Asker: 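If you scroll down you'll find the structure; I have some questions about it.
Reminder, nothing fancy here: chain letters follow the sequence lines and each chain counts from 1. In this text, all values refer to a predicted model and were calculated from it rather than measured experimentally.
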Amino acid sequence: MPYLTTRDFSSDVSATSTTQALLAWYDKHHRELPWRVSPKAAAQGKRPEPYHIWLSEVMLQQTTVTAVKSYFTKFLDLWPRIEDLATAPTEDVMAAWAGLGYYARARNLKKCAEAVAAHHGGSFPDTEEGLRSLPGIGDYTSAAVAAIAFNRQAAVMDGNVERVISRLFAIDAPLPGSKPFMKQRVVELTPVDRPGDFAQAMMDLGATICTPKRPACALCPINDRCLALAEHDPERLPVKAAKKEKPVRFGAAFVAVSPEGEVLLRRRIDSGLLGGMTEVPTTGWTARQDGGQTAEHAPFTAEWESCGAVTHVFTHFELRLSVFRAAVTRDSDTGWWEPVTNLHAQALPTVMKKVITQAIPLAFRKHAS
DNA sequence: AATGCGTGGTC
DNA sequence: TGACCAAGCAT
C-alpha cells in the first residue's frame with residue numbers, strides 16, 4: 001500500500017497521531033458503500049461524483065445506511081445526472097422518496113437540483129459556504145460534501161462524530177450545548193491532507209466500533225487515548241437532554257373504492273407534516289377521542305364500513321386512525337381516483353400505506369389485479 | 001434555542 | 001417490546 005507510506009504528514013500540523021491512527025484504520029476497515037470511492041482509489045486520484053455524494057448525504061440525514069441504499073440506487077436509475085433531477089416532475093420525486101421519511105428533504109432536494117442547474121451550470125459549489133447556501137444543505141451536509149467530494153478541509157460533525165469525540169475527550173456536558181466545543185476538537189483533528197477520508201473514518205468508527213450501546217472498544221484504533229474508556233464507562237456518553245413524552249392523537253381515515261377498482265386520493269399541502277405527499281381523505285388529527293373520529297365526519301356521505309384501526313408513531317406524536325371503507329361511485333371532487341394496481345407508484349407515506357392495507361389487504365400485493 | 005419533522009432496525 | 005436512535009435541516 002504505497003499510498004500510505006508516501007504520504008508526508010510532517011508538514012501537516014493537523015495530522016496528529018490520533019488522526020493518523022484513524023486514517024490507517026479506515027484504509028483497512030472502511031465500509032464499501034454505493035456512493036463511496038475507496039480510499040485506495042481516492043489516493044490514486046479518483047474523485048467521487050459530487051452529485052452522488054450530495055444525494056447520499058441528504059438521504060442519510062437521520063436515516064440509516066441500510067434504509068438509504070435501495071433509494072440511492074433507484075434515484076440514480078431514474079435520474080442519472082443532476083440535470084435529470086432538476087427537470088423531473090416534483091410528484092415523481094416525492095413518489096420515489098415515499099417511505100424514506102422527512103419529506104421536506106425531497107422537496108429541498110428538488111429545489112437544490114434546480115438551483116445547481118440554474119445558477120451553477122450543473123456543477124455544485126466546491127466550498128462549504130457555497131454549499132451551505134443551497135436548500136436542504138446545513139452545517140453537516142455542507143461540510144461533508146466539501147470534504148468528501150471536493151477534498152476541502154471541512155470539519156464534519158454528525159451524530160457519529162459527536163459520540164466518538166464525546167468519548168475520546170470524556171465530555172460530560174450535555175448535547176446540544178456541548179456541540180461548539182466538540183466541533184473545535186474535530187477542527188483540530190481534521191487533516192489538510194485527507195479531510196474526506198478522515199470524516200468518513202470518524203463516521204465509520206462511530207457506526208461500527210464506537211456504537212451507542214456495547215461499543216467494541218477492544219477493536220478501536222484509538223482506544224489507547226480514549227478518556228471515556230480510561231474511566232471504564234464509554235457507553236454513558238454522549239450525555240443528551242431527556243426526551244419529551246409523545247402525545248397521542250386520534251383521527252379517522254376513509255378509503256373510498258370505485259366500481260372500477262380505484263381509490264380516492266388527495267394531495268397534502270406542501271408545508272408541515274407529510275408535506276406534498278399523497279393521502280386518503282382523513283379527519284383532522286386531534287388530541288382527544290371526542291366523537292370526531294366517526295364515519296359521520298367523512299368528507300362525503302357513503303356506506304362507510306369500519307375496518308379497524310391503524311397506529312403509527314411519528315417523531316413527535318403517536319397517531320391512532322380509525323379506518324373506514326366504502327364502495328363509492330366516482331362523483332367526488334375532493335381529489336383524484338387512482339387504480340389500486342397503480343398505488344405502488346404514488347407518493348404515499350408509510351402511514352397511508354398502512355391505512356390502505358387495513359382497508360384493502362392486497363392493495364400493495366405484487367401484480368395486484 | 002426549541003420545536004417540528006418519518007421511518008425502520010435494534011436489543 | 002417499547003425505547004432508543006440513524007451521515008440534520010428549517011424556522
Asker: Within this structure, what is the CG-to-C1' distance between A:Leu60 and C:dA6, rounded to whole angstrom?
Answerer: 9 Å
Asker: What's the NZ-P distance between A:Lys240 and C:dC4, to the nearest Å?
Answerer: 11 Å
Asker: Quick one: do the A:Gln293 and A:Thr283 side chains pair a donor with an acceptor below 3.5 Å?
Answerer: no
Asker: Apart from A:Phe300 itself, which Ile, Leu, Val, Met, Phe, Trp or Tyr residues share its cluster (side-chain heavy atoms under 4.5 Å, direct or through members)?
Answerer: A:Phe254, A:Leu264, A:Trp304, A:Phe324, A:Val328, A:Trp337
Asker: Under the rule for salt bridge (Lys or Arg N to Asp or Glu O under 4.0 Å), what residues qualify as partners of A:Arg167, not counting sequence neighbours?
Answerer: none
Asker: Take atom CH2 of A:Trp97 and atom P of C:dC9, then tell me their distance rounded to the nearest Å.
Answerer: 12 Å
Asker: Is there a donor in the side chain of A:Arg36 and an acceptor in the side chain of A:Gln200, or the other way round, less than 3.5 Å apart?
Answerer: yes
Asker: Donor-acceptor pairs are to be reported for all side-chain atoms of residues 73-82 of chain A against protein atoms at under 3.5 Å, with residues two or more places apart or in another chain.
Answerer:
unit_1	atom_1	unit_2	atom_2	d
A:Thr73	OG1	A:Lys69	O	3.2
A:Lys74	NZ	A:Ala96	O	3.0
A:Arg81	NE	A:Asp84	OD2	3.4
A:Arg81	NH2	A:Asp84	OD1	2.9

Asker: For the pair made of CZ in A:Arg214 and P in C:dC5, what is the distance, rounded to whole Å?
Answerer: 16 Å
Asker: Looking at residues at least two apart in the chain, or sitting in another chain, which of them share a salt bridge (Lys or Arg N to Asp or Glu O under 4.0 Å) with A:Arg249?
Answerer: none
Asker: One character per nucleotide, please: for nucleotides 1-7 of chain B, 5' to 3', B when the base has a protein heavy atom closer than 4.0 Å, S when only the sugar-phosphate does, - otherwise.
Answerer: --SSBBB
Asker: Tell me every residue that passes salt bridge (Lys or Arg N to Asp or Glu O under 4.0 Å) with A:Asp270, counting only those two or more places apart in sequence or in another chain.
Answerer: A:Arg267
Asker: Could you check A:Trp35 against A:Asn108 and say which one's nearest nucleotide on DNA chain C is further toward the 5' end?
Answerer: A:Trp35
Asker: Got a sec, which hydrophobics cluster with A:Tyr102, joining ILVMFWY side chains under 4.5 Å apart, including via others?
Answerer: none
Asker: Please report the distance, rounded to the nearest Å, between NZ in A:Lys243 and C1' in C:dC5.
Answerer: 7 Å
Asker: Specify the separation, in whole Å, of atom CG of A:Asp270 and atom C1' of C:dA10.
Answerer: 15 Å
Asker: Can you measure A:Tyr71 atom OH to B:dG9 atom P for me and round it to whole angstrom units?
Answerer: 11 Å
Asker: Mind running a 4.0 Å heavy-atom check of residues 73-87 of chain A against DNA chain B and sending the residues that fall below it, in number order?
Answerer: none
Asker: Counting any heavy atom closer than 4.0 Å, what does A:Leu109 reach on the DNA or RNA strands: base, sugar-phosphate only, or nothing?
Answerer: nothing
Asker: For DNA chain C, whose closest nucleotide is more 5', that of A:Arg132 or that of A:Val65?
Answerer: A:Val65
Asker: Scan for salt bridge (charged side-chain N to carboxylate O under 4.0 Å, His left out) pairs involving residues 288-315 of chain A, sequence neighbours excluded, and state none if there are none.
Answerer: A:Glu305-A:Arg325
Asker: Taking salt bridge (Lys or Arg N to Asp or Glu O under 4.0 Å) as the definition, give me every residue that meets it alongside A:Arg268, ordered by chain and number, with sequence neighbours left out.
Answerer: A:Glu279
Asker: For DNA chain C, which residues in residues 134-149 of chain A have a heavy atom at a distance below 4.0 Å?
Answerer: A:Pro135, A:Gly136, A:Ile137, A:Gly138, A:Asp139, A:Tyr140, A:Thr141
Asker: Could you list the donor-acceptor pairs under 3.5 angstrom formed between side-chain atoms of residues 309-319 of chain A and any protein atom two or more places apart in sequence or on another chain?
Answerer:
unit_1	atom_1	unit_2	atom_2	d
A:His312	ND1	A:Lys354	NZ	2.9
A:Glu318	OE2	A:Arg320	NE	2.9
A:Glu318	OE2	A:Arg320	NH2	3.1

Asker: Could you give the CH2-to-C1' distance, from A:Trp54 to C:dC9, as a whole number of Å?
Answerer: 14 Å
